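Since the model is a prediction, treat every value here as computed from it, not as a measurement.
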Amino acid sequence: MTGLAFSTLGCAGAPLDHVLELAKANEIGGLELRAADDEFTNIGLSATERRTLRSRIEDAGLEILAICSYVNLCAVEDQPLEAHLELAADLGARGVRVFPGDEAPTGTPDGPTPGELRALDRVHSAPKDVHVFLETHDSHSAGSRMAALCRLLDAEAPGHNAKVIWDSAHTWSHGEIPARSLDLLRPWIDFVQIKDSDSTQNYRPVAIGTGDFPIAELLEALDGTPYWLSLEWELKWHPHLPPLDEALPATRAWISGNSLLR
């Protein structure tokens with residue numbers, strides 16, 4: 001495992017100075033930057049603003065794992081994928097997080113859904129400077145369904161640059177143990193998102209260490225792999241959660257207590 005990162009979803013709306021302070025105080029090496037109009041990261045930034053943002057993050061010794069967009073790759077409507085890919089390239093990020101967002105609940109025996117075919121077209125035509133990161137989310141939360149989409153991309157768009165952000169809580173909530181999800185997704189994983197959740201509350205995100213997410217099983221499965229772990233702290237959507245400045249040290253202790261990141 002390479003290191004620990006966090007998503008700025010956990011401090012939505014906070015200025016860059018605050019993000020950098022959190023990273024320094026908690027020995028964080030990477031960031032997922034939420035891209036939205038009300039964030040310091042957005043597709044409306046000028047060339048000068050992009051250079052300044054990139055320099056400040058690089059000077060802090062941080063790597064940008066992903067620009068976290070709200071592009072739905074399977075959607076019927078036009079999606080601003082290329083604008084986010086350009087932003088990621090300008091900031092030196094590894095890729096752009098997208099959601100599948102397929103309206104069809106499952107694939108069909110006859111082949112991919114119309115939404116998956118739209119995703120195929122978008123990935124095939126996307127610039128190749130940075131990765132398109134498909135997150136295990138919404139319609140493709142299960143590793144099995146995401147793996148099927150990735151196999152489609154491999155077969156029909158050879159040379160594509162799509163990879164997977166494995167949200168390990170989502171695959172677990174869909175009945176897959178971590179080792180199974182890893183086996184399914186291993187050819188395409190770029191990094192792994194973590195959070196704690198409670199299966200007795202419909203997998204609601206909870207304070208680190210108070211849920212029943214199988215963190216020890218995940219770390220055992222990941223032993224010897226090169227993937228970053230990134231805390232996706234969904235405070236913006238779940239205001240009952242403690243603030244990120246509490247969640248980060250708790251996460252490091254949670255990981256350390258379950259053996260890998262010592």
Give the cluster check for [X] versus [Y]: same hydrophobic cluster or not, with ILVMFWY residues linked at side-chain heavy-atom distances below 4.5 Å.
X    : Y    : result
F99  : I189 : no
F213 : L4   : yes
V206 : I215 : no

Under 3.5 Å donor-acceptor, [X] side chain and [Y] backbone:
X    : Y    : value
R54  : D90  : yes
R50  : I43  : yes
D212 : S199 : yes
R252 : E27  : yes
N42  : G44  : yes
S69  : R97  : yes
D38  : G13  : no
S55  : T52  : no
W233 : P242 : yes
K128 : A126 : yes

If you measure only the distance, is there a donor-acceptor pair under 3.5 Å linking the side chains of [X] and [Y]?
X    : Y    : result
S181 : E176 : yes
R145 : H174 : no
D154 : H160 : yes
H84  : Q79  : no

Report yes if the side chains of [X] and [Y] come closer than 4.5 Å at any heavy-atom pair, otherwise no.
X    : Y    : answer
N72  : V98  : no
V132 : L85  : yes
L182 : Y227 : yes
C68  : L9   : no
L91  : T41  : yes
W172 : S197 : yes
W188 : M146 : no
L219 : I255 : yes

Distance (rounded to the nearest 0.5 Å) between [X] [atom1] and [Y] [atom2]:
X    : Y    : atom1 : atom2 : result
T8   : L235 : OG1   : CG    : 12.0 Å
R180 : L185 : CZ    : CG    : 9.5 Å
L62  : I28  : CG    : CD1   : 9.0 Å
L120 : C74  : CG    : SG    : 10.0 Å
I67  : L31  : CD1   : CG    : 9.5 Å

key: Residue pair T251, N26: steps toward the side chain to side chain contact (heavy atoms under 4.5 Å, CB included) verdict   = CA-CA 10 Å; T251 298; N26 292 280; over 6 Å; no
message = Is there a side chain to side chain contact (heavy atoms under 4.5 Å, CB included) between V19 and F6? Walk through the geometry before answering.
response = CA-CA 10 Å; V19 171; F6 69 83; 3.9 Å; yes
ask   = Stepwise, does the side chain to side chain contact (heavy atoms under 4.5 Å, CB included) test hold for L16 with I57?
value = CA-CA 9 Å; L16 176 61; I57 291 173; 4.2 Å; yes
task = Could you tell me whether H238 atom NE2 has more than 12 heavy atoms of other residues or ligands within 6.0 Å of it?
result = yes
Closest non-hydrogen atom pair, [X] against [Y]:
X    : Y    : answer
P187 : L184 : CD-O, 4.0 Å
S7   : L244 : O-CD2, 4.3 Å
I208 : A250 : CG2-O, 3.6 Å
V164 : C150 : CG2-SG, 3.5 Å
R122 : V76  : NH2-O, 4.0 Å
V130 : A88  : CG2-CB, 4.0 Å

message = What verdict does the side chain to side chain contact (heavy atoms under 4.5 Å, CB included) test give for L149 and L134, after you've listed the backbone C-alpha separation in whole Å, the side-chain angles of each residue and the deciding distance to 0.1 Å?
response = CA-CA 10 Å; L149 176 56; L134 287 154; 4.3 Å; yes
inquiry  = Tell me which one of E135, H170, E116 satisfies side-chain hydrogen bond (donor to acceptor under 3.5 Å, both in side chains) with H140.
reply    = E116
task = Cation-pi check, R34 to F40: give yes when NZ or CZ is under 6.0 Å from the six-membered ring centre and within 45° of the ring axis, no otherwise.
result = no
ask   = With the threshold set at 4.0 Å, does a side-chain nitrogen-carboxylate oxygen contact exist between D167 and K195?
value = yes
